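Every heavy atom of this structure was used, including side-chain atoms; hydrogens, water molecules and symmetry mates were not. Please read these numbers as outputs of a predicted model, since none were measured by experiment.
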Amino acid sequence: MKYVGEAPQEELATGERSTRNRVARSILDHGPSTAADLAKRVGLTQAAVRRHLDALVSDDVVEAREQRVYGARTRGRPAKVFALTDCGRDAFDQSYDKLAADALRWIAETAGDEALVAFARARMAAQSEAYRAVVEAAPPEARTEALARALSADGYAATARSAPGPQQGEQLCQHHCPVAHVAEQFPQLCEAETEFFSSLLGTHVQRLATLAHGDGVCTTYVPRSSPTAPQASQTAQNTHSVSASTAGRNPA
């Protein structure tokens with residue numbers, strides 16, 4: 001017979017996680033529960049359940065609260081119950097992707113593709129202020145890296161690196177996308193994001209790959225910093241003026 005203390009660390013850790021998942025699932029299925037109720041449902045002692053509850057509270061999966069009492073309150077302190085937090089609920093299957101896809105499909109069917117594109121752009125515009133502040137605070141040569149850090153803070157696991165080969169630029173890579181499943185059906189979300197990156201970085205960017213398309217990472221090519229359109233236009237005008245004024249003359 002093998003005792004728990006003799007189990008390999010990996011096996012023990014896996015067993016602990018499995019039991020904690022059962023405890024959390026029981027709360028999901030039955031609502032806020034006392035340690036005694038959970039012990040009966042999952043077949044553990046109350047002491048063992050409390051140990052798992054302490055870990056789940058520490059991980060922000062469940063929270064302790066006083067049990068609501070309806071009618072006359074009995075003597076003594078109210079029993080403590082444990083309920084799932086928003087974070088804990090998010091750990092279980094949700095239908096948010098389907099809800100979002102259904103909403104976007106309804107927009108497209110009732111108001112047309114133009115409305116869907118407008119929504120995608122408005123969604124990015126709503127985030128623009130915070131991103132723009134971060135990017136514009138960085139020197140031009142570090143703005144792609146600054147954007148990657150800002151995206152990572154929002155859950156995109158982004159990195160910036162030099163583009164391979166002879167390309168004179170950088171690659172902005174997003175290793176995770178919270179809306180990838182919805183973007184599979186509505187590429188307008190990816191297109192609006194690409195436009196947003198171009199606006200933030202002040203240069204034309206090119207989307208090379210997307211998670212929504214089945215690639216392993218969303219990759220956007222960002223050319224090396226160059227003068228903005230107004231600056232480039234002014235430079236061209238100055239060059240034309242100088243050329244015109246010196247036409248027909250020998251160089252000094």
Taking [X] for the side chain and [Y] for the main chain, is one N or O donor matched with an acceptor at less than 3.5 Å?
{"X": "R22", "Y": "V42", "answer": "yes"}
{"X": "S198", "Y": "T203", "answer": "yes"}
{"X": "T194", "Y": "R207", "answer": "no"}
{"X": "D97", "Y": "H181", "answer": "no"}
{"X": "S152", "Y": "A158", "answer": "yes"}

R224 and Q168 side chains, donor-acceptor separation under 3.5 Å
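No donor-acceptor contact under 3.5 Å links the two side chains.
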Side chains of S33 and R41: any donor to acceptor distance under 3.5 Å?
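Side chains of R41 and S33: pair found under 3.5 Å.
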Is any NZ, NE, NH1 or NH2 atom of the basic residue among E141 and R143 found under 4.0 Å from an Asp or Glu carboxylate oxygen of the other?
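No, no charged N to carboxylate O under 4.0 Å.
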Between D54 and R51, does at least one N-O distance fall below 4.0 Å, as a salt bridge requires?
no
SG of C177 to CD of E184: how many Å apart, nearest 0.5 Å?
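Going from SG on C177 over to CD on E184, the span is 10.0 Å.
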Kindly check if the number of other-residue, nucleotide or ligand heavy atoms within 6.0 Å of NE2 (H213) is above 12?
no
Count the heavy atoms belonging to other residues, nucleotides or ligands that lie under 6.0 Å from CZ of R161, then report whether that count exceeds 12.
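At most 12 heavy atoms, drawn from other residues, nucleotides or ligands, come within 6.0 Å of this atom.
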State plainly whether one hydrophobic cluster holds both V217 and V182, where clusters connect Ile, Leu, Val, Met, Phe, Trp and Tyr through side-chain heavy atoms under 4.5 angstrom apart.
no
Is any side-chain heavy atom of L151 less than 4.5 Å from a side-chain heavy atom of Q174?
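Heavy-atom side-chain distance check passes, below 4.5 Å.
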